[in-house]
Amino acid sequence: MKKHNFYAGPSILSEFTIQNTADAVLNFADTGLSVLEVSHRSKEFQAVIDKASALVKEILDVPDGFHVLWLGGGASMQFCMVPYNLLARRAAYLDTGTWASNAIKEARLFGDVDVVASSKDAGYTFIPKGFEIPEGVDYFHYTTNNTIYGTEIRTDPKVNCRVVADMSSDIFSRPIDFTNYDLIYAGAQKNLAPAGVTLVIVREDALGKVDRPIPTMLDYRTHIKKGSMFNTPPVLPIYSALQTLIYYKQLGGITELERRDLEKAAMLYDAIDNSKMFTGTVTDPADRSIMNVCFVMKPEYKELEVAFIDFCLARGIVGIKGHRSVGGFRASLYNALPIDSVRALVEAMHDFEATH
Ligand SMILES: *Cc1c(COP(=O)(O)O)cnc(C)c1O
């Protein structure tokens, strides 16, 4: 049976990405070798990483003065690399969930951190608004999409300082205006590639402004200078990322990706809002993520949650269990998820409701 894959990460990849990666594991670029067993410095792999970086720039319309890097260590490594390289004295952070607060914890090792607002007391079910960023901070850090709670900020912040964003779970779902950004990072395993590589887009002139010595591997300038080849990069995830990027371009780029994402999310939120049994955990539509849709059963049906997960499993619908810290359900609607999978989930909700 075809599976409908709603996992939050690692998560669904396009058939195009999976098939081409599988082919290259067997025979990479007609070398007669697997992509797993050729030098990262071969001309064939150099072409892969160059093309992947060029496509990131093309698809996201990245302006001159920014570099595209492919790094190891996951998005979590960026929680410390960002302040290591950019936090001279003081930075502002928005606390919208676990990932944001993990980033805050690391930044505090390097300087003063102003947490400008937090929705922690409300279980991170909304995006704080109307906060002020103090004058003179080195940057403002925020998480665009809160994967665990299903909240999202889909507009680039209008602030009086440079911005750093963790876009791990919604990159390539909307256009980005790079004017205010110093740096954007995204672990690949949600909208791009298998786990193991992190995409970083960094403004060159944001670097070199801190006095502290930076270990070679943690210094963005090392990776800029060496084209992400200072050491062996995660070759397989980068190969897969290239396939995803080719696929994104073929589909019609960001405009088409965003259109599809909005359509899928609207279909599911509509079903939740019109249900007698289910209810969304993020109530303000403006804050709702189009990537991770979080919902629960209303109190009078609460004891049916496990049964619903089993009901879905029997229909090939996998990965809808909510994050262990939140409970309930979470359906992740990443770019590679076909709208038919959303339809299948909505149908399961209707059918389950009708029989209980
Ligand atoms: C998944 C996720 C992370 C953590 O990524 P790792 O690559 O596992 O370190 C960080 N931030 C956000 C928003 C995420 O969704």
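All ligand and atom numbering here is 1-based and tracks the order in the structure. Note that the structure is a prediction, hence the values are computed from the model and not measured.
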Short N or O distance, Ala75 and ligand 1, threshold 3.5 Å exclusive: yes
Atom 8 (O) of ligand 1: the protein heavy-atom neighbour that sits closest, reported with distance to 0.1 Å: Gln189 NE2, 3.3 Å
Co-members of Phe126 in a cluster of I, L, V, M, F, W and Y side chains, linked at under 4.5 Å: none
Contacting atoms of ligand 1, where contact means under 4.0 angstrom from a heavy atom of Phe79: 10 (C)
Considering all heavy atoms, the nearest Leu87-Ala107 contact: CD1-O, 3.6 Å
Side chain Asn85, main chain Met81, donor-acceptor under 3.5 Å: yes
Atom 15 (O) of ligand 1 [closest protein heavy-atom partner, distance rounded to 0.1 Å]: Thr147 OG1, 2.4 Å
Trp99 six-ring face occupied by Lys190 cation (under 6.0 Å, within 45°): yes
Any side-chain donor near an acceptor of the partner, Thr147 and Asn292, under 3.5 Å: no
Taking atom 11 (N) of ligand 1 as the reference point, the nearest protein heavy atom with its distance: Asp166 OD2, 2.6 Å
Subset of ligand 1 atoms that lie under 4.0 Å from at least one heavy atom of Thr143: 13 (C)
Nearest protein heavy atom with distance in Å, relative to atom 9 (O) of ligand 1: Ser76 OG, 2.6 Å
Location of contacts on Asn145 toward ligand 1, heavy atoms closer than 4.0 Å: backbone
Sequence neighbours excluded, every pair satisfying salt bridge (charged side-chain N to carboxylate O under 4.0 Å, His left out) that has a member inside residues 319-345: Asp340-Arg343
Heavy-atom gap Met77 to ligand 1 smaller than 4.0 Å: no
Where ligand 1 meets Lys190 - atom numbers and elements under 4.0 angstrom, heavy-atom basis: 1 (C), 2 (C), 3 (C), 14 (C), 15 (O)
Atoms in ligand 1 flagged as close to Gly74, the criterion being non-hydrogen separation under 4.0 Å: 7 (O), 9 (O)
Within 6.0 angstrom of Glu256 CD, more than 12 heavy atoms from elsewhere: yes
Parallel, tilted or perpendicular: rings of Phe110 and Tyr84 (30°, 60°): tilted
Proximity flag Asn146 to ligand 1, non-hydrogen atoms under 4.0 Å: no
